[in-house]
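For reference, the structure discussed in these notes is given below.
Both backbone and side-chain heavy atoms feed into the values below; hydrogens, waters and symmetry mates do not.
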Amino acid sequence: MPKEYRTIEEISGPLMLVKNVNNVTYDELGEIELASGEVRRCKVLEINGTDALVQLFDSSAGINLSNSKVRFLGRSMELGVSKDMLSRVFDGMGRPIDGGPEILPEKRMDINGLPMNPAARNYPQEFIQTGVSAIDGLNTLVRGQKLPIFSASGLPHANLAAQIARQAKVRGTNEPFAVVFAAMGITFEESNFFIESFKETGAIDRTVLFINLANDPAIERISTPRMALTAAEYLAFEANMHVLVIMTDITNYADALREVSAARKEVPGRRGYPGYMYTDLANLYERAGRQRGKDGSITLIPILTMPEDDKTHPIPDLTGYITEGQIILSRELYRKNVAPPIDVLPSLSRLKDKGIGEGKTRADHSSTMNQLFSAYARGKDAKELMVILGEAALTDIDKLYAKFADAFEKEYVSQGYNANRDIEDTLNLGWKLLSILPRSELKRIDDKYLDMYYGK
């Protein structure tokens, strides 16, 4: 039976100081029993001699210092995992909130996980088809990769997230594929949108959802992605599944870190975020990947809204350092009704060349991808010139490029949130658009592919 302490010294916001404790360790879970018999949970943030600073998971209202008892449980926070988690909805603490029964765990895993030993990592290489042309064709997602989506407030990143979660698959194999979806600090309306969208299409059967609402405590927001990654590690490395983890919104997570850090009166770093935010985010993101000798894999898509649309804000900035690329959503395309509004030129998947080509997608993928980038960039320049100097200033070839850029946005990038294009459709559409340009302009594509596909 854990020892009980009645030595609560003070409470400040979500923090509580307990005196004269012994054998209590960092990150250990505790329970506070109020005089009424109600039990609330907490965890140890800091140990200083015999003083323990603990953080409450619930509110501190109603805790009486003199007649409340604290017990420390001798373990850190754990999640009971099993394959039955698929098709279920949990809160940020791993408790079921879909009205179904508790999970009977096959094992309990520490939610802080273990970072993967770099020597045990396998290189990400198989192509994952998301069904979204702007990603599959131009910024390809590869199994085991970390590819964030940089959005901005008011842009439809939730629709894109739900679309990828519904459609993503590893092609040409019958390997089991699961999605772990973690939502942090979202509204009830958004949470409803995700759950209903997965139920309608049947995608819920292969999905585990962890949902933390905006009115849930900040500390719960910090545990939500860790719960999700723990479930993913179990499904990937013990149940041999390929797991796609989608986390939205990392900005809410970082704000919760800042809130807890401010309550602890720590010295703030850039824009008030704690100085250890980089390591904290790296601890999350680096849990994705592929392990040697294990069939499963974890691919991670964190989604964040850039405050004030600013790419240099600490959250997107640090995320960009740790991950392998970024997909950027653009307000300008959103205003033009392009859906999803993916801005392909500044977007980048650093591992895309590992997942495309003969035997993975199609032999012509790499060269058509380069040609599309180049033609779209030139078309956008032509359109800017046209705004300044008028259409008469453009050469005939520039007018064709401008026409190409418009068609590219309308047909290739803008496909709506329900279209699921397989990679052949995406590549063929690319060829159809490139046929707007004369063959002599397509200098980045080998003649043998031009003979096979150009103008067909």
Side-chain angles (χ1 to χ4, degrees), residues 123-143 145 147 171-172 324-328 330 333 338 340-386 394-415 419-456:
Y123 207 83
Q125 50 198 19
E126 293 91 346
F127 167 67
I128 289 184
Q129 178 175 297
T130 62
V132 180
S133 291
I135 298 176
D136 292 350
L138 300 170
N139 293 296
T140 316
L141 177 65
V142 180
R143 208 161 84 191
Q145 183 177 6
L147 185 62
R171 277 171 48 100
E324 291 110 13
Q326 68 278 337
I327 300 237
I328 295 183
S330 139
L333 290 177
V338 172
I342 295 176
D343 194 349
V344 297
L345 293 177
S347 298
L348 164 73
S349 163
R350 293 193 183 111
L351 300 178
K352 63 185 170 195
D353 52 335
K354 304 292 180 282
I356 63 176
E358 188 76 64
K360 291 179 178 171
T361 52
R362 205 165 76 183
D364 59 315
H365 190 157
S366 175
S367 47
T368 51
M369 172 175 79
N370 294 338
Q371 190 67 64
L372 285 166
F373 271 126
S374 151
Y376 180 50
R378 184 160 166 194
K380 281 186 80 169
D381 289 348
K383 283 172 65 180
E384 280 174 21
L385 264 180
M386 201 151 65
L394 294 189
T395 62
D396 290 346
I397 194 75
D398 278 341
K399 284 179 192 157
L400 278 179
Y401 273 108
K403 179 183 167 194
F404 169 84
D406 285 333
F408 178 80
E409 284 172 9
K410 260 196 212 73
E411 295 177 43
Y412 194 95
V413 181
S414 189
Q415 62 177 73
N420 186 357
R421 295 181 181 162
D422 62 34
I423 187 66
E424 284 76 22
D425 295 345
T426 291
L427 291 171
N428 294 341
L429 177 59
W431 276 106
K432 179 188 147 197
L433 293 170
L434 288 173
S435 300
I436 293 174
L437 302 170
R439 180 168 167 158
S440 56
E441 287 292 309
L442 307 182
K443 300 188 176 81
R444 292 165 186 270
I445 303 178
D446 204 311
D447 276 343
K448 64 178 180 191
Y449 299 134
L450 288 169
D451 295 341
M452 279 165 76
Y453 301 107
Y454 179 76
K456 299 285 191 296

* Asked: Hey, is K383 close enough to D406 for a salt bridge, meaning N to O under 4.0 Å?
  -> yes
* **Sidechain-backbone polar pair: Q371 side chain, R444 backbone, donor-acceptor under 3.5 Å** => yes
* Asked: Once the angle between the rings of Y376 and F408 is folded into 0 to 90°, is it parallel (under 30°), tilted (30 to 60°) or perpendicular (over 60°)?
  -> tilted
* In terms of side-chain geometry, is the basic nitrogen of R171 or E126 positioned less than 4.0 Å from the acidic oxygen of its partner? -> no
* Asked: Quick one: are I135 and T140 in side-chain contact, heavy atoms under 4.5 Å?
  -> no
* Asked: Has the side chain of E424 got a donor or acceptor atom that lies under 3.5 Å from a matching backbone atom of T361?
  -> no
* For T130 and D136, does a side-chain donor sit closer than 3.5 Å to a side-chain acceptor? -> yes
* To do: Heavy atoms only: give me the nearest L138-Y412 pair and the separation to one decimal.
  => CD1-CE2, 3.7 Å
* Asked: Taking atom types as modelled and ignoring hydrogens, do the side chains of S414 and E409 form a donor-acceptor contact shorter than 3.5 angstrom?
  -> no
* Backbone N or O of G137 within a donor-acceptor pair of the H365 side chain at under 3.5 Å? -> yes
* Asked: Around E358, counting heavy atoms of other residues, nucleotides and ligands shown, do more than 12 lie under 6.0 Å from its CD?
  -> no
* What distance do S347 atom OG and Q326 atom CD have between them, rounded to the nearest 0.5 Å? -> 6.5 Å
* Under-4.0 Å salt bridge between D425 and K432 -> no
* Asked: S435 side chain to G455 main-chain N or O, any donor-acceptor pair under 3.5 Å?
  -> yes
* To do: Scan M369, R350, K352 and name whichever one has a side-chain contact (heavy atoms from CB on, under 4.5 Å) with N139.
  => K352
* More than 12 heavy atoms of other groups within 6.0 Å of K360 NZ -> yes
* To do: Please tell me if the side chains of S133 and R421 come closer than 4.5 Å, counting only heavy atoms from C-beta onward.
  => yes
* Side-chain heavy-atom pair Y123, K354 within 4.5 angstrom cut-off -> yes
* Asked: At their closest point, which heavy atom of P124 faces which heavy atom of V142, and how far apart are they?
  -> C-CG1, 3.5 Å
